[in-house]
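Below is one structure, written out as structure tokens, with a few remarks after it.
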Amino acid sequence: MEEVKAQLSISLSPIEVLSRYWGFHAFRPLQEDIINSILQGNDTLALLPTGGGKSVCYQVPAMMKEGICIVISPLIALMKDQVAGLRKRKIKAIAIYSGMKKREIDMLLDNCVHGAYKFLYLSPERLATDIVKARIEQMPVNLLAVDEAHCISQWGYDFRPPYLKIAEIRPLLKDVPVLALTATATAEVKNDICEKLEFRNKKIFQSSFERKNIAYVVRYEENKLHKLVTIFERIPGCGIVYVRNRKHTKEISDFLRKNRIAADYYHAGLDLSERNIKQEKWIAGETRVMVCTNAFGMGIDKPDVRCVVHVDLPENIEMYYQESGRAGRDGRKSFAVLLYNLSDKSETEKRIRSSFPSLKEIENIYTALGNYFQIAVGAGKGESYDFDIAAFSKTYNFEILKVHHALRLLEQQGLLAVSDAVFTSARIQIIVKKDELYKFQVANAGSDHIVKFLLRTHSGLFDEMVNVNEAEIAKRLKIDKQEVVRTLELLDHLHIAVYEKQNDKPQLTLLEAREDTRYLRLDAEFIEKRRKHYEHNLLSMLAYAMNKNRCRSQFVLDYFGETDNYRCGICDICLERNKIGMTDIEFDAVADEIKKQFSAEDKNLDSIVRNIRNFSEQKVLNVLRWLMDSGQIVQVGNQLRWKG
């Protein structure tokens, strides 16, 4: 408690808190405005780019106020990183997420009630539970921060129903401001966030989505692998190659290595330790190019990525913007390249069909899950289970892709939640007083040396869950690891301590008790709306790839509602336009005159040039050539036809 009190910085200004705890002497754009809005008690929506310092926006004001800050996040890995970062700064923080046992959660929440922590990170699924709500009502909460806030909108690209329940705790937090944070949101999603979080005294801060140092490029390529080699031969520095298929990550990285490019591959199906080694080598520069699925990159802030290449079409422009935005965070010129060919168009149509299994298929997979985990009908609510999608699919002879999409739809129906594999160390906390522990030691002499070693080498055992390494303890005591594990299990069994074993498996959490399939009511209308929305997003991405005349940056900015913008001058479209040697105003004026020449009939080249007298013949020919190259004008026999 004294440690937390010592951390309070009520008398300090935001910049002084930033300097004292984070070592920075200036805020990034909009950060200070957002912090001041929170300090004034406003509900605030902050749209900042990935890597734009969103966490500082809630961490600084929370440090300036009495009480605890609750942070809602769907990403366990990022929660763990944030907690580790705060603890390095001697700021007490914890995270509660899927896979943790009820006794551990209960103890951690009690500690939050009694003021032992400054930050509590919660997954949205945990926030919705009765035990968490009851404890939050007793906590001195100073701020509610909602990260990845676009997840609250069914029109966002990563809708998660548990986010809809966040507003339910607002009556428990009287006069506590809410800060919603996201990197990407359309106008529709922004409105949804404010409405669903029941904003009062609403303030919205948004930095531009424009990345002036990134050149967006689309290349039509039948042989994408050979083009990849060419790209990394011409563009120096490190890069990321995104693909959709896990198998292809290895195949492409092998191909790049055969062509003398230091590459490796990464996907969520790899062993955790292997993933960590691969990631560290890439960050250190030992690996130049990482070929990966979208499981790679979240939370990694490597500033010198010069090129991000997408071999397959992303699901939507938001995802493409976020992933390509991992290039050039140091402000230097970088490239976001999309490789595209005609097969991508047919693949897009196939993905729309395969991403939405029938209601019967979803019901069968839901029933199989209950049987797989041996969950009785009416049971399982709030319970988490280690989940291997490949093993599950093989057991019931399901297609893995179909299971993946069915789980996604079941998540969106609010029935369950699936998290990626995240390594969690073995942890222990002693929950009895010292005299009771001493009685255990006397009664269990064979375990005494292990308990004494723990007390001597691990501080805070009586206060919170502390990480332990059973193998290291065994090595130091020169005993078998199983002897250490047996002692820790005995402590847990006798309620002397809470002991949680190491885990690195994905988690499946039931948000509602298992239902009898006969009474399972899937919302067919909602699923159809999601299908149409998914189709719209994919077709928007396809339109971006097929676009031949609009500045790539303008295309992306328009999608996010930034319509008052200029050509970037560095994308593939702009570079071609630049060859004409005309200003935007002049080009648009000539193009408008050319368009006026076409009514319901085709025209020949000579008549168009002859009828436009306000501009030189050469300028008219240059713009005509551009419009033909970009497909707005096509040749039909000896005539020209406007397609626009």
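- A donor and an acceptor atom, one from each side chain of E315 and N537, are nowhere located under 3.5 Å apart.
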Trace of the side-chain contact (heavy atoms from CB on, under 4.5 Å) decision for L627 with I594: CA-CA 10 Å; L627 293 171; I594 291 172; 4.1 Å; yes

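- A heavy-atom distance below 4.5 Å is not found between the side chains of E562 and D558.
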Under the criterion side-chain contact (heavy atoms from CB on, under 4.5 Å), I'd like the reasoning laid out for V243 against C292: C-alpha separation, chi angles, the key distance, then a yes or no. CA-CA 6 Å; V243 298; C292 54; over 6 Å; no

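- Surrounding NZ of K281 are at most 12 heavy atoms belonging to other residues, nucleotides or ligands under 6.0 Å away.
- Here the shortest heavy-atom pairing between T287 and W282 reads O-CD1, 3.5 Å.
- One side chain, S355 or Y534, offers a donor N or O that lies under 3.5 Å from an acceptor on the other.
- Residues Q507 and Y97 bring no donor and acceptor atom of their side chains to less than 3.5 Å of each other.
- Using a 30° and 60° split on the angle between ring planes, F387 and Y372 fall in the perpendicular class, above 60°.
- Closest of all the heavy-atom pairs between D312 and N245 is OD2-N, 4.5 Å.
- Summarising the geometry, atom CG belonging to L410 is positioned 10.0 Å from atom CG belonging to L510; distances are rounded to the nearest 0.5 Å.
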Take K619 and V623 through the test side-chain contact (heavy atoms from CB on, under 4.5 Å) and record every step on the way to the result. CA-CA 6 Å; K619 287 183 177 179; V623 176; 5.6 Å; no

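- Across all their heavy atoms, A149 and I193 have their closest contact at O-CG1, 3.6 Å.
- Of the charged side-chain nitrogens involved, none lies within less than 4.0 Å of a carboxylate oxygen, so that D592 and K595 do not count as a salt-bridged pair.
- Across R521 and Q413, no two heavy atoms sit closer than the pair O-OE1, 4.3 Å.
- For S607 and N604, the side-chain atoms include at least one donor-acceptor pair closer than 3.5 Å.
- T230 and E233 form no side-chain donor-acceptor contact under 3.5 Å, judged by distance and modelled atom types alone.
- Taking every heavy atom of both residues into account, N213 and I570 meet most closely at C-CD1, 4.3 Å.
- A salt bridge between R531 and E535 is present, with a side-chain N of the basic residue lying under 4.0 Å from a carboxylate O of the acidic one.
- Inter-residue side-chain proximity for F232 and V309 is flagged as met; some heavy-atom pair is nearer than 4.5 Å.
- Under the 4.5 Å side-chain criterion, counting only non-hydrogen atoms from C-beta, V308 is not in contact with I214.
- Scanning both residues, I240 and R326, for their nearest heavy atoms gives CD1-CB, 4.3 Å.
- By the 4.0 Å N-to-carboxylate-O rule, D271 lies too far from R275 to be salt-bridged with it.
- When side chains are defined from C-beta on, I573 does not count as touching Q554, because their heavy atoms never get closer than 4.5 Å.
- Between Y396 and F398, the two ring planes are parallel [angle under 30°; tilted spans 30° to 60°].
- Contact check for Y265 versus M290: no side-chain heavy atoms found under the 4.5 Å cut-off.
- Looking at V337 and C307, their side chains come closer than 4.5 Å, going by heavy atoms from C-beta outward.
- Between Y163 and H150, the ring center distance fails the sub-6.0 Å criterion.
- Between R306 and D304 there is no salt bridge, since no side-chain nitrogen of the basic residue lies less than 4.0 Å from a carboxylate oxygen of the acidic one.
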Evaluate L338 against M541 for side-chain contact (heavy atoms from CB on, under 4.5 Å), listing each step before the verdict. CA-CA 11 Å; L338 174 63; M541 194 67 233; 4.1 Å; yes

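- In this structure, CD1 in I152 is found 13.0 Å from CG in D158, a value given to the nearest 0.5 Å.
- A salt bridge is defined here as a Lys NZ or Arg NE, NH1 or NH2 lying under 4.0 Å from an Asp or Glu carboxylate O, and D192 with K190 fails to meet this definition.
- Within the structure, every pair that satisfies the ring-ring contact (aromatic ring centres under 6.0 Å, His included) test and touches residues 560-580, not counting sequence neighbours, is listed here: F209-F560, Y321-F560.
- In summary, the aromatic rings of H310 and Y320 are positioned with their centroids under 6.0 Å apart.
- In the model, N622 has a side-chain atom that pairs as donor or acceptor with a side-chain atom of Q618 under 3.5 Å.
- At a threshold of 4.5 Å between non-hydrogen side-chain atoms, the residues R246 and T293 count as touching.
- Stacking of R552 on the aromatic ring of Y544 is recorded, both the 6.0 Å distance cut-off and the 45° axial limit being met.
- Shown here is E525, whose CD atom has no more than 12 heavy atoms of other residues, nucleotides or ligands within 6.0 Å.
- In this structure, Y220 and L342 have side chains that are in contact, with non-hydrogen atoms separated by less than 4.5 Å.
- With respect to the salt-bridge test (charged N to carboxylate O, under 4.0 angstrom), the residues D572 and K548 do not qualify.
- No more than 12 heavy-atom neighbours from other residues, nucleotides or ligands sit within 6.0 angstrom of CZ on R641.
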